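Heads up, the thing below is written out as structure tokens.
Keep in mind the model is a prediction, meaning the values are calculated, not measured. Scope of the values below: all heavy atoms of this structure, side chains included, with no hydrogens, waters or symmetry mates.
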Amino acid sequence: MSGLAEAFGRLAQALATGDLPGFYGLIAADAVIMDEDLPFRVDRAGFQDHIAFHGPGNWEGFAWKPHDMSFVERGSVGVAAGFAMFRGKPKDAGFRLRPMMFTQGWALTPEGWRVTSWHQSPVIGHVSAQSPG
């Protein structure tokens, strides 16, 4: 397994276990992030604000499950690409089930691999309404 694939595994595992400091620690501060339900680009701090807005206390369950991954390393840069299923159950009502595709740019820093760009979009198109309630 490549160093990039291992770093991606740590990122996915941190998110899966709710280790947000570990998750954010693998994302460069100046990363360019285009998330599936944000209408604009953000950096790591903006992404943290977005996740905090949803608040972990607002969810009964949450999962981001990557699959069909592809990794390319070229020296100190790399790309991770694949599909993911986002599953979420807000406490109030409704649910979210979104198949997505994503790409991530990574850079090898003295601290290890870090996400420098991340774009994910629903396979069926962009979100145009809130979750069913």
Side-chain angles (χ1 to χ4, degrees):
M1 180 180 285
S2 73
L4 176 58
E6 291 172 5
F8 177 85
R10 288 192 302 276
L11 181 88
Q13 182 65 21
L15 184 57
T17 60
D19 175 12
L20 291 180
F23 174 71
Y24 296 134
L26 289 166
I27 301 172
D30 61 351
V32 176
I33 301 170
M34 296 180 71
D35 191 40
E36 47 91 22
D37 65 352
L38 281 173
F40 44 82
R41 292 182 305 271
V42 295
D43 58 10
R44 183 181 66 200
F47 191 56
Q48 288 175 278
D49 287 344
H50 173 63
I51 298 299
F53 170 77
H54 291 290
N58 296 327
W59 294 87
E60 290 179 24
F62 167 89
W64 184 78
K65 302 283 191 176
H67 59 92
D68 296 313
M69 293 299 304
S70 177
F71 300 97
V72 176
E73 288 182 37
R74 298 287 187 263
S76 63
V77 297
V79 175
F83 294 89
M85 180 62 74
F86 168 73
R87 300 182 302 204
K89 173 70 176 94
K91 287 185 177 178
D92 57 355
F95 65 93
R96 292 182 183 178
L97 184 63
R98 294 187 183 142
M100 296 183 287
M101 57 187 142
F102 68 93
T103 58
Q104 296 173 336
W106 289 71
L108 187 56
T109 71
E111 295 78 34
W113 287 99
R114 296 295 181 266
V115 174
T116 57
S117 64
W118 187 348
H119 177 233
Q120 62 182 0
S121 295
V123 172
I124 58 173
H126 295 281
V127 175
S128 60
Q130 66 184 23
S131 298

> Tell me the side-chain hydrogen bond (donor to acceptor under 3.5 Å, both in side chains) pairs involving residues 7-32, sequence neighbours left out?
Replying inline: none
> Which side-chain hydrogen bond (donor to acceptor under 3.5 Å, both in side chains) pairs, counting each pair once, include a residue from residues 68-77, with sequence neighbours left out?
Replying inline: Ser2-Glu73
>> Which residue is it: Trp118, Phe71, Phe8? I am looking for the one with a side chain to side chain contact (heavy atoms under 4.5 Å, CB included) to Trp106.
In response: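 Among the candidates, only Phe8 passes.
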>> Same cluster or not: Phe23 versus Leu38, using hydrophobic residues (I, L, V, M, F, W, Y) connected whenever any side-chain heavy atoms lie under 4.5 Å apart?
In response: yes
> Is Leu4 reachable from Met69 through a run of hydrophobic residues whose side-chain heavy atoms are each under 4.5 Å from the next?
Replying inline: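 Yes; tracing contacts between hydrophobic side chains, which count when under 4.5 Å, links both residues.
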Under the side chain to side chain contact (heavy atoms under 4.5 Å, CB included) test, which residues partner [X], sequence neighbours left out?
X	answer
Asp43	Ala45
Arg41	Val32, Met34
Met100	Glu36, Trp64, Phe86, Arg98, Gln120
Ala16	none

> Stepwise, does the side-chain hydrogen bond (donor to acceptor under 3.5 Å, both in side chains) test hold for His119 with Ser121?
Replying inline: CA-CA 7 Å; His119 177 233; Ser121 295; 3.2 Å; yes
> Measuring from Leu15:CG to Leu26:CG, what's the distance to the nearest 0.5 Å?
Replying inline: 11.0 Å
>> Can you tell me how far apart CD1 (Ile33) and NE2 (His50) are? Round to the nearest 0.5 Å.
In response: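 These two atoms lie 10.0 Å from each other.
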Shortest non-hydrogen contact from [X] to [Y]?
X	Y	answer
Ala14	Gly22	CB-C, 4.0 Å
Ala31	Ser117	CB-N, 4.5 Å
Gly25	Arg114	O-NE, 3.1 Å
Leu20	Ile51	CD1-CG2, 4.4 Å
Ala7	Trp113	CB-CB, 3.5 Å

>> According to side-chain hydrogen bond (donor to acceptor under 3.5 Å, both in side chains), who are the partners of Thr103, at least two apart in sequence or on a separate chain?
In response: none
> For Gln48, which residues count as a side-chain hydrogen bond (donor to acceptor under 3.5 Å, both in side chains) partner, sequence neighbours excluded?
Replying inline: none
>> Quick one: does any side-chain atom of Arg44 pair with a main-chain N or O of Ile27 as donor and acceptor, under 3.5 Å?
In response: yes
